[in-house]
Amino acid sequence: MIPAPDLAFTLNGRTVSTVDGSIGAPSMRLLDLLRLHAGQTGTKEGCGEGECGACAVLVDGELVNSCLVPVGQLHGCTVTSIEGLPRVDPLVTAFARAGAAQCGICTPGMVLAARALLDRVPQPTLDDVREALAGNLCRCTGYARIYTAVLDAATDAGPGKAGGR
Amino acid sequence: MPVPDVAGSVAPGTAAAAVAGGASPSSRAARGLLGAAVARKDGPAKILGEARYVDDLVLPGMLHGATVRTRAAGGILERIEFGSGIDWDSFVVVTAADVPGINATQMIEQDQPVLAEHRFRHAGEPVLLLAHADRGLLREAVEAVTLHERADPSPVFSIDDALALRGEVVPGNVYRDYLMSRGDLAAGEAAAEVFFEGRFETGAQEHVYIEPQGMIAYVDAAGVLVVEGSLQCPYYVLGTLTAVTGRDAGSVRVVHCTTGGGFGGKEDYPSQLAAHAALLTLKAGGRPVKLVYDRAEDMLATPKRHPSRTLVRIGAGRDGRLCFLDVDFVLDGGAYTTLSPVVLSRGVIHAPGAYACANARVRGRAVATSHPPNGAFRGFGAPQSIFAIEQAMDGLAEALGMSPLELRRMNMLRPGDRSVPGQTIDATTDFDAVLDQALHESGYLEKRDAFAEFNAANAAAGRPLRRGIGLATFHHGAGFTGNGEVVLASEARVRANVDGCVEVVASSSEMGQGSTTTLCQIVASALGLPLERVSQAPVDTHDVPDSGPTVASRTCMVVGLIVEQAARLLRAELIQKAGLPASGADEHAFAAACARYLDGHPRLEAQARYEPPANVQWDETVFEGSPYASYAWAAYVAEVEIDLATCEVALSGFTAVQEVGKVVNPVIAAGQVEGGVVQGIGFALFEKVAWGNTGTMANNRLTNYIIPTTADIPPVQVFFQEQPGGIGPAGAKGLGELPMDGPGPAILSAVNFALGTRISSLPVMPEDVMAALSAHALRVAA
């Protein structure tokens, strides 16, 4: 009989593993590990089938929907949810300044999608932003403030674009 | 508790309020706060994922709830069978027999049971509630329940079938039948020289707030039933809870959680959900029960925007002046009344559009069908009827050989005109300026010609791309319709603490629209305080008065006015009794005065109540008078590009110009317009509810009910004009719903321009484009 292999990965800078019990069944959704086990509720469940992006997190810097990822796939990976983002990230400032969060339920996923983009393309065009965020649904903003926030965070261009007039 | 000698009702602009206002606050921090693009108060917590929504809350010993629903489209529930293999004793089980009070949601009628007992009217109706600590076992238990139903033989799934009585959901199938009639229709028809007649339809639309509906209920140590959740209207929920449980308002508390979008979808349904959670916790001895829907259940069970069918007959003289207008407007209300009568009334009032016409008749009916009830959705009936009149104006323009722009220019409402309902348009209205700016910013005239040339050249060369541009001009009334605000008599308070920090105490619920920030701006401005000194108190019915529901574009305008009055009363009290300098006081002087006051008084609060302006009189028996205290005015231009090979319609540009009175916060206001426009784009081009065999939503998943993504939405151009005509603070008007009205008609006009078709229903899916092109080709060939 082959014993179940140990499973360990880094979650927001902390090691979690089956050895210390911080991970349960390998089939558990990463979303449930975050919300129910780690008590980190910044990651939201909007649809449970990978369509809305409210549960988006970074796995080794790639944007993934945590509702579709069983934790058994994550051995050795580095997972970053909104709780793992620096509190003073330029994106956080830019989202606040631009009014890019309305109801806020999509915002953590949206910020992480933007983070993944800016890590890859530090000076994105509007088309880059539209492509990178296309997996994250927002029903409040119509996306315009979010475009402004991401472009502002990239250029640190100040609040000049946010007036909408 | 109000301060006795200052609290009470004040009408806007009364002597009391004017005195209370006194010399205007002069603090540098407060100066210009109304109109400032200050950052949202709720921004950082939401961006960092720290805001707590209902599903984020975990209470000790908490159970999870689930709902078992009917499958047939109406019928008789004969028996509930609990299957074997489940330890039913370990579950909390609630049926209609467990309802201690009235088994009905408290809306306009009391026809909708909280739990169906015998007769039911639609599939998806709640029958049985279960709760258990283990969600896996809960899912198994739901599967193990069988409802034995005797299905109705002839359910009704369309407006036409309801009107033709092909099956009867309620006697006659009509919940309400309204008539708004002005002038002499026959004389208008006789005078008209050019006519247009059309039938227009719009489909259901799902709200898709990204946070599904949810509630937590428990009984606290004092024996009070507490229900916390995602909701827009705390006092609606309270009304249902007291009726259903038989408790008084003192032993029930409704608490608003951070709410992940509403758009009207959390206006009436949360009362049902709260009652379900409450019944479970009461059966479970007060143990906390969380009832949160997954996306599929939310889309299956909760209300949608009412589908509509509108017949329009319209006629004008050869010069384009409207002679008569005859509209027959019908909404599909679904299987229970819920909010349909008031959605209908707003739809009827907006049906003549923003045009002057002396001879007009609008008949409006809300009919019963076997679909789950339809309800409130941003715009509340107006997007449906405005869509029809705007399309009819395009049709009439074509019949006249005029441009749609010329026809609108000829008939749009101007100061001194009487609208069809009977309101005299006030002197601050400048609809022409709104239209002019929309034409200018969009390049409408140039593009209209360029697109026509582009299309002709492409057709000649056999290339598949076509371009179109469309225009909609409209207005939207803010606040409750007619006498609604009189009946509501909303109240709100402002409370100051010993450290000089101030709270807005109101039942208005933040759900993304920015109301917390705008209400705090208004109060800070009235008190001469920096914004950081003012916050909104948690919305808890044991603390906040009933400020009315958070709906109808009324929060900034109506509740904003009330909290502004309350703030002025509080300031006057401090000037009179605590030595606050009447001018020049900063936040330190204010805090010192608060401390002095609270040294001798138990609390420092002022309360105000809304009283509508005297000129707003409405006779709802004949639909005549001034239905709204303020209107916002708008002109929207949509540009599309259509690929004839794929029949896909891509939005290539959108310009939204509106006059909304004072813009209290430009960033929040622009966000409201941008978001509303994109919901309108979805309504026009993407969002099609497919009905299954039993009348519930078949595509109840985000996989196949498609809302706009960033890939679909180019930047929308948004412009505000500010005329000081609104009744709200500094002349503010309501604006939240306005942007939902324009995209549908403007986009369909653009599509019809591009294709030379006359498509008359929304949404326009690629298959509709294909069908219209085939019909068009046949017409051309003939």
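Chain identifiers are assigned alphabetically (A, B, ...) following the order of the sequence lines, protein sequences preceding nucleic acid strands; residue numbering begins at 1 within each chain.
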Got [X] and [Y] here, is their nearest side-chain heavy-atom distance under 4.5 Å?
X: Arg130(A); Y: Pro714(B); result: yes
X: Arg139(A); Y: Phe263(B); result: yes
X: Arg145(A); Y: Glu674(B); result: yes
X: Gln102(A); Y: Gln672(B); result: yes
X: Gln679(B); Y: Cys140(A); result: no

Exercise. Can you list every pair that meets salt bridge (Lys or Arg N to Asp or Glu O under 4.0 Å) and has a residue in residues 104-116 of chain A, with sequence neighbours left out?
Worked result: Asp89(A)-Arg115(A), Arg115(A)-Asp119(A)
Problem set entry | Pairs satisfying salt bridge (Lys or Arg N to Asp or Glu O under 4.0 Å), at least one member in residues 27-49 of chain A, at least two apart | Arg29(A)-Asp32(A), Arg29(A)-Glu45(A), Arg35(A)-Asp55(B), Arg35(A)-Asp56(B), Lys44(A)-Asp56(B), Glu49(A)-Arg701(B)
In terms of heavy-atom pairs under 4.5 Å with chain B, which of [options] leads?
options: Cys47(A), Ser81(A), Ala132(A); result: Cys47(A)
options: Ala100(A), Gly50(A), Pro108(A), Gly48(A); result: Pro108(A)
options: Gly39(A), Cys103(A), Gly142(A); result: Cys103(A)

Would you compute the distance between atom [atom1] of [X] and atom [atom2] of [Y] and round it to the nearest 0.5 angstrom?
X: Asn136(A); Y: Thr710(B); atom1: CG; atom2: OG1; answer: 8.0 Å
X: Ile146(A); Y: Ile713(B); atom1: CD1; atom2: CD1; answer: 12.0 Å
X: Leu48(B); Y: Ile82(A); atom1: CG; atom2: CD1; answer: 6.5 Å
X: Ile105(A); Y: Tyr209(B); atom1: CD1; atom2: OH; answer: 12.5 Å

For this session: For chain A, find its close neighbours in residues 651-658 of chain B: heavy-atom separation under 4.5 Å, sorted by number, or none.
Result: none
Could you have a look at [options] and say which one has the most heavy-atom pairs with chain A under 4.5 angstrom?
options: Val208(B), Val673(B), Val678(B), Asp298(B); value: Val208(B)
options: Gly260(B), Gly676(B), Gly682(B), Ala296(B); value: Gly260(B)
options: Pro715(B), Gly671(B), Pro212(B), Ala39(B); value: Gly671(B)

Proximal component of [X], with respect to chain B [non-hydrogen, under 4.5 Å]:
X: Leu85(A); answer: neither
X: Leu126(A); answer: side chain
X: Tyr147(A); answer: side chain
X: Ala96(A); answer: both
X: Val92(A); answer: both

Considering only heavy atoms, which portion of [X] lies under 4.5 Å from any heavy atom of chain A: side chain, backbone, both, or neither?
X: Thr703(B); answer: both
X: Pro708(B); answer: both
X: Ala51(B); answer: backbone

Output a table of donor-acceptor pairs, distance under 3.5 Å, between side-chain atoms of residues 662-670 of chain B and any protein atom two or more places apart or on a different chain; print 'none' if there are none.
{"residue": "Lys662(B)", "atom": "NZ", "partner": "Leu34(B)", "partner atom": "O", "Å": "3.4"}
{"residue": "Asn665(B)", "atom": "OD1", "partner": "Val667(B)", "partner atom": "N", "Å": "3.0"}
{"residue": "Asn665(B)", "atom": "OD1", "partner": "Ile668(B)", "partner atom": "N", "Å": "3.2"}
{"residue": "Asn665(B)", "atom": "ND2", "partner": "Val38(B)", "partner atom": "O", "Å": "3.0"}
{"residue": "Asn665(B)", "atom": "ND2", "partner": "Gln521(B)", "partner atom": "OE1", "Å": "3.1"}

For this session: Just do the salt bridge (Lys or Arg N to Asp or Glu O under 4.0 Å) check on Arg87(A) and Glu50(B) with the steps written out, would you?
Result: CA-CA 11 Å; Arg87(A) 306 284 91 174; Glu50(B) 291 164 359; 3.0 Å; yes
For this session: Could you tell me whether the side chain of Arg295(B) and the main chain of Gly46(A) form a donor-acceptor pair under 3.5 Å?
Result: yes
Exercise. Are any side-chain N or O atoms of Thr107(A) and backbone N or O atoms of Ile47(B), one a donor and one an acceptor, separated by less than 3.5 Å?
Worked result: no
